[in-house]
Structure formats: structure tokens, C-alpha cells
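Structure, as C-alpha cells:
Counting begins at 1 with the first residue of the sequence. The model shown is predicted, which means the values in this text are computed figures rather than measured ones.
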Amino acid sequence: MGAGSGTEADTGAEIGPQPINETVDFADSNVAEQRGNVATIQLELTNTDETSLLVRSAQRDFRADLRVRDEDGDGTVRVRFNTFYGVEHGNRPAFTAVGDDSVTVRTHATTQSLPMLEAGRYNMIASTETSRIAGVLQLEEPTVGESQSRAIAPGTDVKTVAASGVDMQTTAGKTTVAKGDIGRAEFDVSGVEGLLQDPTARDQLVTATDSRPGAQTTHRVQQTPDRNIEHVETISIDYDESGGVAPNIQSLSWNDIEILGVDTDNDGHIDRSLTGSVSGVRTTSAGEISIRFDEPVSISESETFFAAYAATNPGKTGTADVRVRFGSDRYVETGEISYGADSLGTLTHGVDLRLQSADDRSRIGAPLGSLTTTYNSTTDTLVADVDTTHLEPGTYTVRFQVYDDSPVSDDGSVVTERFVVVPQSATVSEPTLTNESTLVVNATTNLAPENDVAMRVQTDPLRKGYLLECNATVERDGSVACEYELPDTESPLNVTIRRGGTQLAKPVQYELPDATER
């Protein structure tokens, strides 16, 4: 072939596979959260199921290097970062992934004094082999603001109530709650979401109301046995004095016992008091309290024993064993009690939430009893729902406190909400006959809106009459209305209103008008 033919020689080289463009991005590259809350960092992955995530403070005193994996293949991973602890605490990791995805901490270092990360800017860098993206996590100072309370129907969702704008039933600073409804207290507070991941005082055998060293305070014992305990003549609480962390209880007398009783339905309310059966109290310098009864007491496996008594904490922080004995070692339970700011408050770390009775403080054995807590991170609201089913009528307070040495606040804050539990009631108005056979019945009730009630219209059952029932929902103003098509004009009619199996009002008798009067 002649020169200049333009034909290229085949070298035999093969073109290899092109690299895949793996990319990662932040759904929001600027995340703002109150320090102490749980921040959510959302990553979007393309052509990969794994990325590295570096979180570090601008001052370089906090650094966490993470491996993030998209295990379910949807291209999205939401990383939850507990900024209260910042690091793993009590086998609870600081970083977790939502759903089936995973997060692994490869390296972690900090010089901050934890718990609760410092406020400020934290840089975020996500990277794969072919991409790198930066973002910012801004931690702001937490706040404690105002509060409000309302009465709601059982089972009402937190977000549903907030969206519906249900009217609060308040009088002179107190919310009226019909027995059986929920008293809801809402506290505007941030910085506590992270610590709420931990066990609370309701999970501990013995707690101190004020756990700071040297404090003159109240110790509480809470024990639910796993079998029946019968004919107990003595109950003793034995603190381990090793290490010098036993409280001073040597001067304890009968008058220093604030609460002693049994909660039969595990709602935190004392249903059976034992104070009247106490014949003597004995203490030792080794940290043991023995309470004797003149009449043997019994506690079943479905009940909870409570005791609250005065004590002076030891002069230093630490954790010590404590043992509760029922009878002569007939039933023994062991646990721990801790002293220091990290054990202060029912929610720990100097944050306290409790239900109190304004009429009789001994009614409440467990401060978190009857309380269900929920944290709404969108609105920074701590919601405390009080189940009033087993509460006696009277005035109660839900008290939220942040101690001055809590990492949440350096000046201390106390916010309270009061409500009055009243018996359920209803008033049935005079029924009206709108035409030949249509009966309209109206009623008002103190039940919270959205409660379901049943109104019945019944003729004399002895005369083989009829029974009509209408299920209705309580409106925002407490009104209820029902309409019935009467099968005949037999008179008189009895009208009643019920909630569940409880009759809310006395029957109203209605005489149907004569045909000539209609």
C-alpha cells in the first residue's frame, strides 16, 4: 500500500471501563439545632451506597469521622446526632441512622467538657471516591420559655391537638380536666431532647430528689416485686457505705417519712397507705433503715411499693449499691443510687419534671407516675400528658425545673402548670320534637373535645318499648347533639348520656306532646 493512503494501524489496545461518578450531597447544607437536641443530617447518595462523613467544630475541639451506608438502597440516609452527649454514653451511640441504614464511628475525639456539646459552628464534610461536599451544623443556645395546659380526650395525638387549636379550659390559671381525660402541659424548652434518650427516675430503685453532694433532701424507693410478698413485718433499705458514699440517715424518725404506701395500679398514685401500720423506725450508722409494722403487710407482683424519707447526701459524688429487703430476706432487690449533677432531677442532668398534688403531697409516690412525656423537636416543646383516670378530684401541678448547675441552663428555671381534676358531668337540655317523629336532644359536658359519648332515648322497658342510641362527639364548646327518628309516639321518653359505662347525668324524662299540639 502506497504512502499517504490515510489508513491507521490497529494497535490492539482495549478501552477499559469508565469510572462511575459517585456523588453525595446534603439535603440541607445548613442545619440549625439547639445544643442538647438531636440534629438530623440528611445525605443524598448517587451511584453509591457508602460515604464518609466528618463532623468537627470550627475550633477543632470536637471531631467525629463516620462511615455512612445506605442499606435499603433508596439513595437517602438520615443521620441522627445526639448533641447532648456528643459521644457514646451508656452504650448509646451519639450517631445513629434512621430505619435500616447504618452509621459507624471510625474515629472520635473531643476536648470539650461533656455532656452537652458547646454552642457554635460545626463543619460537615461528606465524601466518596469521586466527590466531596461541605455543610454546616450550627448549634444554638437552648432556651426555657413559657407553658400552657389544656384538657384533651384520651388517645389524642400531640400534633393533632396543636393543629386543631382546641380551646383550653382555663379558670384563674388552672385548667379544668374531667376525671378520665388527659391533662396536657406543654413547656417551651429546647436542649433536652438528647437527655430524654436515657432512662429516667421511674426506672431506678432509689433516687434522691436533690442528688447534689451534701444536700438535705428526700430519697425515694420504688419497687415492683416479680412475685407476691405476703405477711411482711419489716422493710429495710440498706445503703452500701463503702467508699464513703452512704447518706446520713441516723436521725431519721417516723415523722421524717413523707410517703409510705402501695400503688395498686402502677400509675404513681398511692392507693393503699402503710403509715398507719408503722410501729417503729430503726437506723444504723452503717446506712440502714428498718421500718417495722404492727400489722403484717402484703404486696402483690402487680403492685409497686413506695417510700420517701428525709436524708442527707454524702459529701462527694459517686455511685453506691443499695439493697431493699422485705421481711427477713424474704424478698431482696438490689440497685444503685448516684450523687452528682448528672443524677440530679427526674430526667437527669439537672432537669426535673414531676406531678404534684396541691391537696395532699403523699398522694404521688412517683413524680413521673401518671406522666407520659413526648418531645416535639419541630416546635421545641416538651409535652407532659397526665392520665387522670386514677387521680382523686383535686388540684395538681406539673412542675418543670432546670437546676442552676444543669448544662441546659446556668441560671435555673422553674415553670409550672396547674389543673383541677373534677368528676365527669353533663347536662341534658329539654328535648324538642321538630316534626311528627324527629326528636332532637342537646347536652353540654365538661369532657374534653373529641370525646365520644352515647345518648339514649328509651321508653318504659316494662311495657316492651324501644331503645334508640346515638353516638356523638363532644364539640369544642362542650356541646353534644343527637337526632332520632322515633318509631312511634309512645310517651314518656327517658334520655340519658353515657361515656363508656359511666352515666354522666341523671335521666331526663320527656313527655311527647299530643298530636293536636304538634
Side-chain angles (χ1 to χ4, degrees), residues 148-172 174-184 387-389 393 419-518:
Q148 63 180 359
S149 61
R150 67 186 80 202
I152 64 172
T156 306
D157 182 71
V158 174
K159 296 179 180 179
T160 301
V161 172
S164 65
V166 174
D167 294 335
M168 292 183 291
Q169 303 176 32
T170 58
T171 304
K174 300 177 184 178
T175 297
T176 300
V177 185
K179 185 178 174 69
D181 277 342
I182 300 296
R184 171 163 290 173
D387 183 358
T388 65
T389 303
F419 60 90
V420 182
V421 177
V422 297
Q424 301 176 14
S425 65
T427 301
V428 179
S429 302
E430 180 78 8
T432 57
L433 196 65
T434 60
N435 55 40
E436 291 293 325
S437 61
T438 303
L439 185 72
V440 177
V441 180
N442 292 284
T444 58
T445 178
N446 64 353
L447 295 178
E450 303 301 322
N451 265 295
D452 293 326
V453 297
M455 279 202 288
R456 293 179 176 179
V457 172
Q458 184 176 15
T459 56
D460 187 351
L462 297 178
R463 298 167 61 181
K464 296 183 179 180
Y466 55 82
L467 169 65
L468 303 177
E469 182 169 293
C470 165
N471 294 317
T473 301
V474 179
E475 300 295 332
R476 290 177 58 179
D477 60 357
S479 64
V480 184
C482 276
E483 185 176 288
Y484 306 88
E485 289 297 324
L486 304 181
D488 57 44
T489 57
E490 182 178 344
S491 190
L493 301 176
N494 285 324
V495 181
T496 58
I497 181 170
R498 293 175 175 271
R499 179 204 198 193
T502 302
Q503 183 168 295
L504 301 179
K506 293 181 179 180
V508 172
Q509 193 172 85
Y510 177 62
E511 294 282 352
L512 289 172
D514 295 334
T516 57
E517 300 177 1
R518 298 174 194 168

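Closest non-hydrogen pair, Arg499 versus Val453, comes out as CB-CG1, 4.4 Å. Nearest heavy atom pair, residue Ala472 against residue Ala481, reads CB-O, 3.9 Å. In terms of heavy atoms, Ala151 sits closest to Thr176 at CB-O, 3.6 Å. Considering all non-hydrogen atoms of both residues, Ile497 and Ala443 come closest at CD1-CB, 4.1 Å.
Contact check for Thr156 versus Pro449: no side-chain heavy atoms found under the 4.5 Å cut-off. Taking the side chain as every heavy atom from C-beta outward, Leu433 and Leu486 approach each other to under 4.5 Å. Side chains of Thr496 and Gln503 form a contact here, defined as non-hydrogen atoms less than 4.5 Å apart. Residues Asn494 and Val457 are not in side-chain contact: their nearest non-hydrogen atoms beyond the backbone lie 4.5 Å or more apart. The shortest side-chain heavy-atom distance between Glu485 and Thr438 falls under the 4.5 Å cut-off. The side-chain heavy atoms of Asp387 and Ile182, taken from C-beta on, include a pair separated by under 4.5 Å. When side chains are defined from C-beta on, Val508 does not count as touching Val441, because their heavy atoms never get closer than 4.5 Å. The shortest distance between side-chain heavy atoms of Leu439 and Tyr510 falls below 4.5 Å.
Lys179 places no side-chain N or O within donor-acceptor distance of the main-chain N or O of Val422, the cut-off being under 3.5 Å.
Applying the side chain to side chain contact (heavy atoms under 4.5 Å, CB included) test between Asp452 and each of Thr473, Leu447, Asn471 identifies Thr473 as the sole match.
Between the side chains of Asn451 and Asp181, at least one donor-acceptor pair of N or O atoms lies under 3.5 Å.
Rounded to the nearest 0.5 Å, atoms CD (Glu475) and CD (Glu450) are 7.5 Å apart. With values rounded to the nearest 0.5 angstrom, Arg456 atom CZ is found 11.0 Å from Leu468 atom CG.
For residues 420-431, the set of pairs meeting the side chain to side chain donor-acceptor pair (under 3.5 Å) definition, not counting sequence neighbours, comprises Ser425-Asn446.
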